[in-house]
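Following: one structure in structure tokens, then a few remarks.
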Number of protein chains: 2
Amino acid sequence: MREVAKRSGVSLQSVSNVLNGRTSQMREETRLRILQSIRDLNYQPNVQARGLRLQCTKTMAFLTIDPAVRFLSDPFHVAILSGMVDTLRQQDYGLLVQGFHPDQAGGGFRRLVHQRRFDGAVVHLSGSPDRRSEHIEELKSTGCPFVLIEDRAEASTAACVLADNRGGAAAAVALLQAEGHQQIGFLATDRLWPAVEKRITGYEEAIRTSGGRWSQVWGVDRETVEGARSRVEAILRDDPAVTAILCANDVLAVGAIQAAKQLGRKVPTSLSIIGFGDNDIAQHLDPPLTTVALPGVEMGGRAAELLLAYIQNGKFDAPEVVFPTKLIRRGSA
Amino acid sequence: MREVAKRSGVSLQSVSNVLNGRTSQMREETRLRILQSIRDLNYQPNVQARGLRLQCTKTMAFLTIDPAVRFLSDPFHVAILSGMVDTLRQQDYGLLVQGFHPDQAGGGFRRLVHQRRFDGAVVHLSGSPDRRSEHIEELKSTGCPFVLIEDRAEASTAACVLADNRGGAAAAVALLQAEGHQQIGFLATDRLWPAVEKRITGYEEAIRTSGGRWSQVWGVDRETVEGARSRVEAILRDDPAVTAILCANDVLAVGAIQAAKQLGRKVPTSLSIIGFGDNDIAQHLDPPLTTVALPGVEMGGRAAELLLAYIQNGKFDAPEVVFPTKLIRRGSA
DNA sequence: GTGAAAGCGCTAACAA
DNA sequence: TTGTTAGCGCTTTCAC
């Protein structure tokens, strides 16, 4: 910057003014001269120095708590990130990605915030509601603005972006009941994600309010296709009267389909399966997966927008944004 | 930090010394007192200020050129990122993610580097070899260390991480020829990724050296399942004598399988299909996809390690790291 | 062993 | 309209 000033024969301040658009009371000629020097020297302001002064980083973070080292293998996370990237790149904001192991998450958030690595964060928590509350309190106490995905927080520095998981689960149950299913089970992940909790709630409510007599939630310890397959095989052997399974996500649904094949149960005639997520794979399975679509990309994009607006105006446009979910009927139910 | 110093009754300097391990000539007692204050105050050094002084950011970047806004939907990118995240989080390094549109990439790299947002970058380029060379020159000229994925660069500030794509393609061709196939085609993406180029080269070499008479490379403009499906349908209608297709990636292979089904050609008996990547979906397709596995996670991890070592020692441990690929035989060939 | 002073690159407040 | 000064939080050099 000093170079630019020297080259244009002006002070550092004037250069700074041009860069920040404070150009109202400056001679057009000077402005152009400075602009030219900037271009000649290929100058770019140092975000670090600028940030130190302005107390901002031009960076947004995506934080999650996931026991899996490869937390990016969760397609929902990737969708959120894609949405964020898209919004942020238009504003010259960078995206910092960080996943925490459940055990380290405690001090982890606080540490990162104190390091001043970002101006705001989109956060996707997991764990028991109590644990999550603790984390939310911790985030609040940092003063750093954040947007929760699929979770709620009462705070002026927080907002949340949710999908209508309960509605989605209810729609899925309704479809299955309309097809005459009496024993509809729910295959859940052991790790508690807030969205999964809501899907379970939606499922149970739907069964109850429709006068259904039978409901059952099973857990899968390994959240993989293999894990789901072996679990579902055991379930079906145990209780062959189960005719429909609503799965907490599409990956589990893939495992469920495999289990059905393994046991010689035709999908959907002998066993109906519905997933959650509408991942890329869903429509290419055999049979194509009936699933509740989640607008992950849109959610990530909106979360980033909310954060950006907070940084500009000091408050959130909306404390809460709810996205609809949509049951996509294909061949598995 | 000022707080910590005051609380411990020492100078800022001493606190800084403790934080940076320059503790050799300091009374143990003082050291412990400072450490305690740090803990009491929950102090974390401000990476921004520290970085400004030290000219480093404790952040690494992943940069790619991908026309798709959702460049993260490429499973290979996600794998690279996963590997990087894993390595970086152990070193308290952050990960910055940025995708460029081919048209903006030109100045984009330079801009980011000049902004001093990161200490090094893992870069996955695409485009024609000439274009890529330009970008590599630009990266070199910034002086910022970088590791190329699937591409080469001669520079002291650069290293590269490659997979044996040629070998993988050759193995795939060998398998198909051993099964008696005479007309093996290659389904490529229109967008030129260096890895795809190498797969094509490997394919053509293998056909030639084995005395094969027929070879053909088709391009797919839309890199989606749909795009591949319609392209392959046209291809097969045009020349039904084609009995095997080697696809540039697994997504295209999914489309090819669908096309085969559409035309009533059984896979693998009437049409053999091999993919590249071994994505999560591959083994859950019907039939399970025979594919050349790429160690994306390992490559990303190694790339980050190389960069980290460069930052410490001022030079790369190795100018080039090559990973093997592995043909995984399943049901589609 | 510890403290004081300078400066990384930038911007806000004030002075000219 | 433009230039000067101070300071963001940290580390480094040098003096004590």
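Letters go in sequence order (proteins before strands), and every chain restarts at 1.
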**Study point:** For B/Arg191, all residues meeting side-chain contact (heavy atoms from CB on, under 4.5 Å), sequence neighbours excluded
**Key:** B/Ile65, B/Pro67, B/Pro102, B/Ser126, B/Trp193, B/Glu223

Review point. Rounded to the nearest 0.5 Å, what separation is found between the CZ atom of A/Arg2 and the CG atom of A/Leu12?
Key: 6.0 Å

Revision key, fill the gap. Residues at least two apart in sequence or cross-chain that pass ring pair (Phe, Tyr, Trp, His ring centres under 6.0 Å) with A/Phe76, listed by chain then number, are A/His124

Check your understanding: Is B/Gln25 atom CD crowded by more than 12 heavy atoms from other residues, nucleotides or ligands, each under 6.0 Å away?
Key -> no

Revision key, fill the gap. The bend of the helix from C/dG1-D/dC16 to C/dA16-D/dT1, taken between the axes of its five terminal pairs at each end and rounded to 10°, is 50°

Review point. Quick one: CZ on A/Arg302 to CD1 on A/Ile80, what's the gap to the nearest 0.5 Å?
Key: 13.0 Å

**Study point:** DNA chain D contacts among residues 27-35 of chain A, heavy-atom distance under 4.0 Å
**Key:** A/Arg27, A/Thr30

Practice item. Taking atom CD of B/Gln90 as the centre, report whether more than 12 heavy atoms of other residues, nucleotides or ligands fall under 6.0 Å from it. Key: yes

Practice item. Answer with base, sugar-phosphate or nothing: what part of the nucleic acid does B/Ser11 contact at a heavy-atom distance below 4.0 Å? Key: base

Check your understanding: If the sugar-phosphate is the primed atoms plus P, OP1 and OP2 and the base is the rest, what is the B/S/- string for nucleotides 7-13 of chain D, using protein heavy atoms under 4.0 Å?
Key -> BBBBBBB

Review point. Going from CD1 on A/Ile38 to OG on A/Ser8, what distance comes out if it is rounded to the nearest 0.5 angstrom?
Key: 7.5 Å

Practice item. Hey, could you give me the CZ/OG1 distance between A/Arg31 and A/Thr23, rounded to the nearest 0.5 Å? Key: 4.5 Å

Practice item. Enumerate the residues from residues 138-146 of chain B whose closest heavy atom to DNA chain C is under 4.0 Å, giving them by residue number; use none for an empty result. Key: none

**Study point:** Pair listing, salt bridge (charged side-chain N to carboxylate O under 4.0 Å, His left out) test, anchored in residues 84-93 of chain B, at least two apart
**Key:** A/Arg111-B/Asp92

Exercise for review: Check side-chain contact (heavy atoms from CB on, under 4.5 Å) between A/Thr30 and all other residues, then give those that pass, not counting sequence neighbours.
Suggested key: A/Val10, A/Met26, A/Arg27, A/Arg33, A/Ile34

Study note, to complete from the structure: Counted 5' to 3', the first and last nucleotides of DNA chain C within 4.0 Å (strictly under) of a heavy-atom of chain A are C/dG9 to C/dA13

Point to revise | ring pair (Phe, Tyr, Trp, His ring centres under 6.0 Å) against B/Phe62, all qualifying residues, sequence neighbours excluded | key: B/His77

Exercise for review: Would you give the length of the straight line joining atom CG of A/Asp151 to atom CD of A/Glu197, rounded to the nearest 0.5 angstrom?
Suggested key: 7.5 Å

Between side-chain atoms of residues 311-322 of chain A and protein atoms elsewhere (two or more places apart, or another chain), which donor-acceptor pairs fall under 3.5 Å?
residue	atom	partner	partner atom	Å
A/Asn313	ND2	A/Ala309	O	3.4
A/Glu320	OE1	A/Arg152	NH1	3.0
A/Glu320	OE2	A/Arg152	NH1	2.5

Could you tabulate the donor-acceptor pairs under 3.5 Å formed by side-chain atoms of residues 133-147 of chain A, not counting sequence neighbours?
residue	atom	partner	partner atom	Å
A/Ser133	OG	A/Pro129	O	3.0
A/Glu134	OE1	A/Arg131	NH1	3.0
A/His135	ND1	A/Arg131	O	3.3
A/Glu137	OE2	A/Lys140	NZ	3.2
A/Lys140	NZ	A/Glu154	O	2.9
A/Ser141	OG	A/Arg110	NH2	2.8
A/Ser141	OG	A/Glu138	O	2.7
A/Thr142	OG1	A/Leu139	O	2.5
A/Thr142	OG1	A/Cys144	N	3.2

Exercise for review: Could you grab the distance from atom CD of B/Glu298 to atom CZ of B/Phe323, nearest 0.5 Å is fine?
Suggested key: 6.5 Å

